[in-house]
Every structure is written in C-alpha cells, then in structure tokens.
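From a predicted model like this one, the values you see are computed outputs, not experimental measurements. Heads up: numbering here begins at 1 and tracks the sequence.
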Amino acid sequence: METEVQSNFTYMGRTFTGLGINESSSAFSDCNSDRSGEFPTTSSQSRRLLIACASDNYNSDELIQQLVSDLESNSIDVQKQAAMEIRLLAKNKPENRLKIARAGAIKPLISLISSTDLQLQEYGVTAVLNLSLCDENKELIAESGAIKPLVRALKIGNSTAKENSACALLRLAQIEENKIAIGRSGAIPPLVNLLEAGNFRGKKDASTALFCLCTVKENKIRAVQAGVMKPLVELMADFSSNMVDKSAFVMSVLISMVEARAAVVEEGGIPVLVEIVEVGSQRQKEIAAAILLQLCEDSVSYRTMVAREGAIPPLVALSQSGTNRAKQKAETLIGLLRQPRSGNAAATTPGRGSDVSF
C-alpha cells in the first residue's frame, strides 16, 4: 500500500496541515527587502556607497550618522540622497538595520513618508521597509508613529510606495497588537484597492498583508465591507493570474463570517470554487473544498446552489485521491449536498461553522 507523505504549511503563525508534499511550497512569499530595483542615480557618492556595501572592511557608523543628519536637511535633494543610501545600506547589510535605527533614523524617515514629494515619500517608505526587516526595529517603528503615514502612502503614493507600504505594514502586523492599530488607521480599503487594481507585485503584497491582518475579527469586517470578495473571486477564476492560492487563503480566513459567505455568493464565487475543486492543483482543490464546506454547513440554499453547479462528481474524485484532510472535507461536503433539501431552502442559520483548516 502506498504511504502518503504529509507536510505542514505554516505562514504568519497559522499552520495548515495535511498538504501533499508536492504542494508544500509557500502560497505567500514574505516581503524580504524591497524589490523596487536600484534607485536611478549616477552620482559618484552612490557608486562609492555600493562599493562600500560590498566590502567587509569599512566602518559604517560615521557614514550612518552623516546620513541620518542629512535626512533633516532643508534640501529635498539631500534628503532624497540620504534616504536612498540608508535604504541601500539596510538592504545589502542586514547588520546595518539595527545600527541605522539606533542612530535615530526612524523618526526623520517617517517624516519623509508624509512628504508631498512623491519620490521622497517613496524613498522614505522603502527605507522604513528595509529597517522593519530587523525584528528588533518593528516595535520602535510602530511606536514612532509610522502606521498612519504608511497608510497614507498606501492610499496616495506612487505604485512603488504603495507596494512597499503594504510590505512595511505587513512587517509591523507581525506584532499582534499592531494589527488592530493598522486596521483602525484605515489600511484595509487601500489594500483591497491594491489587490484589485495593482500590478502583480502589488496584488501579491496586498493579499499577503490582508491574510495577516484579517486574523483579527474587526479587520475581517472591514475587508468584507471594502468589497474584498470581488477581486478575490476574480483572481481565483483566472488561473493565469498566479494568484489563485493567495486569494483562496485570504478568502479562507474571512469565510467564517456570515457577511463574508453572503459576499462570496453574491460575487459569483460558488461556480469558481467548484471549478477549482475540479481542475485546480491538489492544494487549490483542498482549500476550495474547505471553503465550500463552510458555505454549506449552515445554509440549505447554498447547498442547493453548490449541488446545481455540479460539485458532487469532482468532490467524489477528491474524496478518493486527495490528502487525508482533503478526503475528509470532501466526504463531509458530499454528505451535506446529498441531504434532503426540505424546509425553508432560502433560510440560513448563522452558526459557528467548521474552521477552514488545512
């Protein structure tokens, strides 16, 4: 008898068990350093900095102190140069992230994020993102007042500033108490906008941030109210988007809410989920089956809709060939769909529902 190899998928403190070994790669890639490319510059100073960054034999302390001082210059050009070089130092030398923060760079960088000059704002956001990659800096960045300026950049910044703001907020949200502060500062609607209208990187960054933030109930409510289900369903319907897994994981953290389930149905999510169970990857099938199960547990009308979309044959196939967890979800859902549909088929009974776990 063939033994099935199981693996766990862990992301942001949430463990999804029962994924097949071939599907265990991360649905999300964390925001490491900024991916916006090198800032265009031809200055000899910047070339010297890059050479210094590549060397193990240079003293960065004096340079960092000068750059921190330049952040508060009256010249925007000097501020831009300083922010750019701090960003490079923090990107290429992880040990510099703590040095830069201890030198007092965080508050002046946050001030740059509030600048009306969009390029200066971008440089400030990107430098803060790179500093936030040091776990010891995250609390200091949040306590220094970075959340609201980052949310503002997420709303009105250029595309790179929006993407890097989403990443920086994700880093700060890894401290549990910051999730509520970020949500209350208005981050959820612009993240939903970025998910819907951003380029691929923007969509990926927005989905990752939403996945992290929406472990908090009030942020789930905000996301549903901001219309998150529309872009999630659209991305899940487009297998060429490379966003099916990410969007499904975001949906999975929201689906416990009655309002979220109604929004999925309203946005045409049932046929999309059924198609994923039929033709998706093993992991995609499992996530979609788990979401459908939670949709159907407390609603006879949703069961009817799922059954009419032809869900039973692909669910039967999944119950025979999926992971142990996928088989369990599929069998439970098949049982619900085959129950007599007597009574008030239009009624839904709010209840706890099953957890969407993998």
Side-chain angles (χ1 to χ4, degrees), residues 4 6-20 22-28 207 210-211 214-215 220 223-224 228-229 232-233 235-237 239 243-265 267 269-299 302-303 305-307 309-339 348 350-358:
E4 182 182 23
Q6 298 293 326
S7 65
N8 294 340
F9 167 62
T10 302
Y11 186 75
M12 296 298 169
R14 290 170 57 83
T15 300
F16 302 89
T17 59
L19 297 178
N22 293 330
E23 294 295 329
S24 62
S25 60
S26 238
F28 297 99
S207 66
L210 286 166
F211 178 83
C214 288
T215 58
K220 294 182 186 185
V224 174
V228 71
M229 287 305 174
L232 289 179
V233 169
L235 290 168
M236 290 168 66
F239 284 88
M243 287 289 298
V244 175
D245 296 63
K246 298 173 185 67
S247 301
F249 273 110
V250 176
M251 185 180 288
S252 76
V253 299
L254 298 171
I255 202 65
S256 61
M257 297 179 57
V258 173
E259 299 87 350
R261 297 197 288 272
V264 169
V265 175
E267 295 297 339
I270 287 178
V272 171
L273 289 163
V274 171
E275 182 182 16
I276 292 172
V277 173
E278 186 172 6
V279 301
S281 68
Q282 194 64 44
R283 180 167 67 181
Q284 291 166 359
K285 291 178 180 182
E286 185 172 341
I287 304 168
I291 294 170
L292 285 170
L293 175 58
Q294 192 144 356
L295 272 175
C296 291
E297 273 194 325
D298 295 322
S299 174
Y302 292 169
R303 293 176 204 171
M305 295 169 70
V306 171
E309 285 297 330
I312 291 179
L315 285 169
V316 170
L318 182 61
S319 72
Q320 296 171 346
S321 63
T323 64
N324 288 337
R325 184 64 66 94
K327 290 176 181 178
Q328 178 187 358
K329 298 287 185 184
E331 289 168 0
T332 304
L333 183 51
I334 290 167
L336 286 175
L337 296 179
R338 286 177 170 167
Q339 285 179 3
T348 61
R352 180 185 61 82
S354 67
D355 293 332
V356 180
S357 56
F358 310 100

* To do: For L273 and E309, run side-chain contact (heavy atoms from CB on, under 4.5 Å): C-alpha distance rounded to whole Å, both residues' side-chain angles, the deciding distance at 0.1 Å, then the answer.
  => CA-CA 10 Å; L273 289 163; E309 285 297 330; over 6 Å; no
* Does the pair Q328 and T323 meet the rule for a side-chain contact (heavy atoms from CB on, under 4.5 Å), with working shown? -> CA-CA 9 Å; Q328 178 187 358; T323 64; over 6 Å; no
* Would you please test I276 and F239 for side-chain contact (heavy atoms from CB on, under 4.5 Å) and show each step? => CA-CA 9 Å; I276 292 172; F239 284 88; 4.0 Å; yes
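Looking at heavy atoms from C-beta onward, F249 lies out of side-chain contact with K246 at the 4.5 angstrom threshold. For the pair V250 and C214, the minimum side-chain heavy-atom distance is 4.5 Å or more. In this structure the side chain of E297 reaches within 4.5 angstrom of the side chain of L293, judged on heavy atoms. Looking at heavy atoms from C-beta onward, Q339 lies in side-chain contact with L336 at the 4.5 angstrom threshold. Here the side chains of V233 and M251 are in contact, with some heavy-atom distance below 4.5 Å. Under the 4.5 Å side-chain criterion, counting only non-hydrogen atoms from C-beta, I312 is in contact with R338.
Distance check: L254 CG to K220 NZ gives 7.0 Å after rounding to the nearest 0.5 Å. The CG atom of L333 sits 9.5 Å away from atom CZ of R303, with the distance rounded to the nearest 0.5 Å. Taking NZ from K329 and CD from Q294, the interatomic distance works out to 8.0 Å, rounded to the nearest 0.5 Å. Distance check: L232 CG to I255 CD1 gives 10.0 Å after rounding to the nearest 0.5 Å. Here the CD1-NZ distance, from I334 to K327, works out to 12.5 Å after rounding to the nearest 0.5 Å. Annotation: the span from I291 atom CD1 to E286 atom CD amounts to 11.0 Å, rounded to 0.5 Å.
When atom types are taken as modelled, the side chain of R261 and the backbone of L295 share no donor-acceptor pair closer than 3.5 angstrom.
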